[in-house]
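Step one of this worksheet: look at the structure below.
Just the heavy atoms: all of them, side chains too, but no hydrogens, waters or symmetry mates, feed the values below. FYI, the numbering just counts along the sequence from 1. Since this is a predicted model, take the numbers as computed values, not measurements. Atoms within each ligand, like the ligands themselves, are counted from 1 in listed order.
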Amino acid sequence: MAAAALAAKLAGLPIAITLVESDEIGTVGVGEATLPHIRAFNLALGIDEAEMMRATEATYKLGIEFCDWGRRGDRYIHPFGDFGPTTNDVPFYQYWLKLRQSGDRSRIDEYSYPVIAAEQGRFRRPSGDLDAVESTFGYAYQFDAGLYAKFLRSFAEKRGVSRTEGRVVRVVQDGETGFVRDVVLTNGTTISADLFIDCSGFRGLLIETALQSGYDDWSAWLPCNRAIAVPTQSNGALRPFTRATARTAGWQWRIPLQHRVGNGHVYCSSFISDDEAHDQLVAGLDAPMQAEPRRLSFTTGRRREFWKKNVVAIGLAGGFLEPLESTSINLIQDGITELLAVFPDKGFGARDIAEYNRRIGLHYERIRDFLLLHYVATQRDDSEMWRHFRNLRLPDSLSERIDAWRTRGHLIQYEFGLFLSPSWVAVFLGQNLVPDRHDPRVESMSIDALTARASDVRAKVDAAVRRTPEHTAFIRESGGAARLAVAGA
Ligand SMILES: Cc1cc2nc3c(=O)[nH]c(=O)nc-3n(C[C@H](O)[C@H](O)[C@H](O)COP(=O)(O)OP(=O)(O)OC[C@H]3O[C@@H](n4cnc5c(N)ncnc54)[C@H](O)[C@@H]3O)c2cc1C
């Protein structure tokens, strides 16, 4: 992603980009669910959606279904879109709270087009007509991240990036400044540069091994530290959403692609053995495995300095939270966008570097808080892990948010929050954290007027979903189908 974006955005400058990758080491090999922002990335590079979808076996994604998080048996969808229309500057969920207090039992989901479309397995792109219900959402992709990387590699090579196969075995720093000067490959090839982007994954070859940036370990808040991933065969219609099912010591993902379903169990090794985690994963699969399960270990947290001297760490080299809300590829995109915004000259201005580190640090913190919310906004206490979260001291930024929400459904606005208010509403309400009171401004609408309005919104959502094509059919019709190994395909 970095090589492709820099090649496209720095075209015309006297800059040469070399991409070093090692087939021997390979990539982490997981990462299938994305966020809507990736569309802006692809668009900025002029990538054709249908071509990208065919190349990566992609499906569309309208949100994430969370099962068993608030209580066992619960389910809700965190959609890429809002719930109902804002009226008099007051968000719809506030009116819904009033309705609920007056005895109405409609689900907040019934006011969300992407939730109902996802539940019914339907998809279309958002309408350009801003008055239409079909315009009230965003969408992302579920794709094979390895194939996406290949696709972007070829995109980058066509724009002049030279790709070198080989393993970096030595990093040479300037004796005086400590700046990285060269990297040396196994075969002795030396690659010199002014700027190095460390995309070496968890190992952080330049940022940590060479420059010792340091790592803020966030395991106290996000203790999951292992994952087992396994693909299964597609079985049935492709769902336009990712599923995350809470387990006793972590959670399990299910991500439908065109040619397979990606599955994995993310768990905390203090609360479950690897063998038990494996057995839970297998027991939760809904189709035969296509390969041996792969095991991964990680420590949640972030590099203290993402950019140090002339090295910028992007991707897993910069840090890792956990994949519960599909945020890693988005953090790569943020790293690239922020880097382009303060792209350095050879002077490497300290103020720009500090600003970059501050901004990316905030991106990580906001995501950490949002992920942690899923574990603490819960009534579960049926295992050691869930009891651990009951007694956890939260970051102040999250405690304040939860308190403001509880009192009257107020959402404190973050600077640089990736997840906007509707996402927080989805998780709070989806996990049964209903505010004690609602915004007093909703009293301007009588309960009869409100009931009529709510029923009208529900009817519009229903009608719009009925007009929406089935997801698999839409992929085919829009030219995005690769092989579609789906029953009935
Ligand atoms: C369990 C799990 C699930 C995930 N799910 C999602 C998800 O659903 N959505 C999402 O957005 N993200 C997800 N991620 C994160 C996602 O996988 C990564 O963000 C993404 O794959 C990018 O990784 P990377 O390129 O930073 O690192 P890697 O994939 O590890 O790539 C590192 C690269 O550096 C090269 N390299 C390393 N060392 C050397 C060396 N010495 N010499 C030469 N080359 C070297 C490797 O060959 C490789 O090309 C998940 C991660 C995990 C662990």
S269 backbone acceptor or donor facing N225 side chain under 3.5 Å: yes

For atom 29 (O) of ligand 1, what's the nearest protein heavy-atom neighbour? Residue, atom name and distance, please. V28 N, 2.9 Å

With a cut-off of 4.0 Å, which atoms of ligand 1 are near a heavy atom of R203? 37 (C), 38 (N)

Ligand-residue contact atoms, ligand 1 with I329, heavy atoms, under 4.0 Å: 10 (C), 11 (O), 12 (N)

Ion pair D286/R254, N-O distance below 4.0 Å: yes

Mind checking whether C199 has an N or O less than 3.5 Å away from an N or O of ligand 1? yes

Nearest-option assignment for atom 31 (O) of ligand 1, heavy atoms, candidates T27, T209, L321, D23: T27

Polar contacts were defined as any N/O atom of the residue lying under 3.5 Å from an N/O atom of the ligand; does this apply to F320 and ligand 1? no

Candidate with minimal heavy-atom separation from atom 18 (C) of ligand 1, of V20, L324, L316: L316

Hey, which atoms in ligand 1 end up nearer than 4.0 Å to a heavy atom of G166? 42 (N), 43 (C)

Element-labelled atoms of ligand 1 that are located less than 4.0 Å from some non-hydrogen atom of A33: 7 (C), 8 (O), 9 (N), 10 (C), 11 (O)

How about Q142 and T59: does a side-chain donor come under 3.5 Å of a side-chain acceptor? yes

Measure I332 to ligand 1 on non-hydrogen atoms and call it side chain, backbone, both or neither using the 4.0 Å cut-off. side chain

Could you list the atoms of ligand 1 found under 4.0 angstrom from a heavy atom of W253? 1 (C), 3 (C)

Students should be able to answer this: which protein heavy-atom is nearest to atom 36 (N) of ligand 1, and at what distance? S200 CA, 4.2 Å

Check each of D198, V30, I25, I228 against atom 16 (C) of ligand 1 and report the one with the nearest heavy atom. V30

With atoms numbered from 1 as shown, which atoms in ligand 1 lie under 4.0 angstrom from a non-hydrogen atom of A227? 1 (C)

Matching residue for Y113 among F123, Y139, F80, F137 - test: ring-ring contact (aromatic ring centres under 6.0 Å, His included): F137

For side-chain hydrogen bond (donor to acceptor under 3.5 Å, both in side chains), just list the numbers for E365 and S397, CA-CA rounded to whole Å, side-chain angles, deciding distance to a tenth of an Å, and then say yes or no. CA-CA 9 Å; E365 272 176 36; S397 46; 5.5 Å; no

Return a yes/no value for V168: is any of its N or O atoms, backbone included, closer than 3.5 angstrom to an N or O of ligand 1? yes

Among all protein heavy atoms, pick out the one at the shortest distance from atom 47 (O) of ligand 1; state its residue, atom name and that distance to 0.1 Å. S22 O, 2.9 Å

Where is the nearest protein heavy atom to atom 46 (C) of ligand 1: which residue, which atom, and how far? G26 O, 3.1 Å

Just by modelled atom types, is the D68 backbone N or O under 3.5 Å from a matching donor or acceptor in the R380 side chain? yes

Between the side chains of N187 and T189, is a donor N or O closer than 3.5 angstrom to an acceptor N or O? yes

With heavy atoms only and a cut-off of under 4.0 Å, state how A145 meets ligand 1: side chain, backbone, both or neither. neither

Write out the residue and atom name of the closest protein heavy atom to atom 4 (C) of ligand 1, then the distance separating them to 0.1 Å. P323 CB, 3.5 Å

Please verify the inter-ring angle class for Y375 with F389; under 30° counts as parallel, over 60° as perpendicular, anything in between as tilted. parallel

Strictly by modelled atom types, are D144 and T56 linked by a side-chain donor-acceptor pair under 3.5 Å? no

Examine R159 relative to F155 and say whether NZ or CZ is less than 6.0 Å from the centre of the six-membered ring and inside a 45° cone about the ring axis. yes

Does R366 make a cation-pi contact with F419, if we ask for NZ or CZ under 6.0 Å from the ring centre and within 45° of the axis? no

Look only at interatomic distance and state if T34 has a nitrogen or oxygen under 3.5 Å from any nitrogen or oxygen of ligand 1. no

For F66 and H78, take the angle between the two ring planes, folded into 0 to 90°, and tell me which bin it lands in: parallel under 30, tilted 30 to 60, perpendicular over 60. parallel

Have Y148 and N42 got a donor and an acceptor in their side chains that come within less than 3.5 Å? yes

Determine the sole option in R303, R304, R368 for which the salt bridge (charged side-chain N to carboxylate O under 4.0 Å, His left out) test with D216 is passed. R304

Starting from atom 6 (C) of ligand 1, which protein heavy atom do you reach first, and at what distance in Å? G31 CA, 3.2 Å

Here the atoms of ligand 1 under 4.0 Å from any heavy atom belonging to L205 are 40 (C), 41 (N)

Where's the contact between A229 and ligand 1, heavy-atom distance under 4.0 Å: side chain, backbone, both or neither? neither

Those atoms of ligand 1 less than 4.0 Å from some heavy atom in G201: 27 (O), 30 (O), 32 (C)

Any carboxylate oxygen within less than 4.0 angstrom of a Lys/Arg side-chain nitrogen, looking at R54 and E51? no

In the protein, which heavy atom is nearest to atom 19 (O) of ligand 1, and how far is it? S328 CB, 3.3 Å

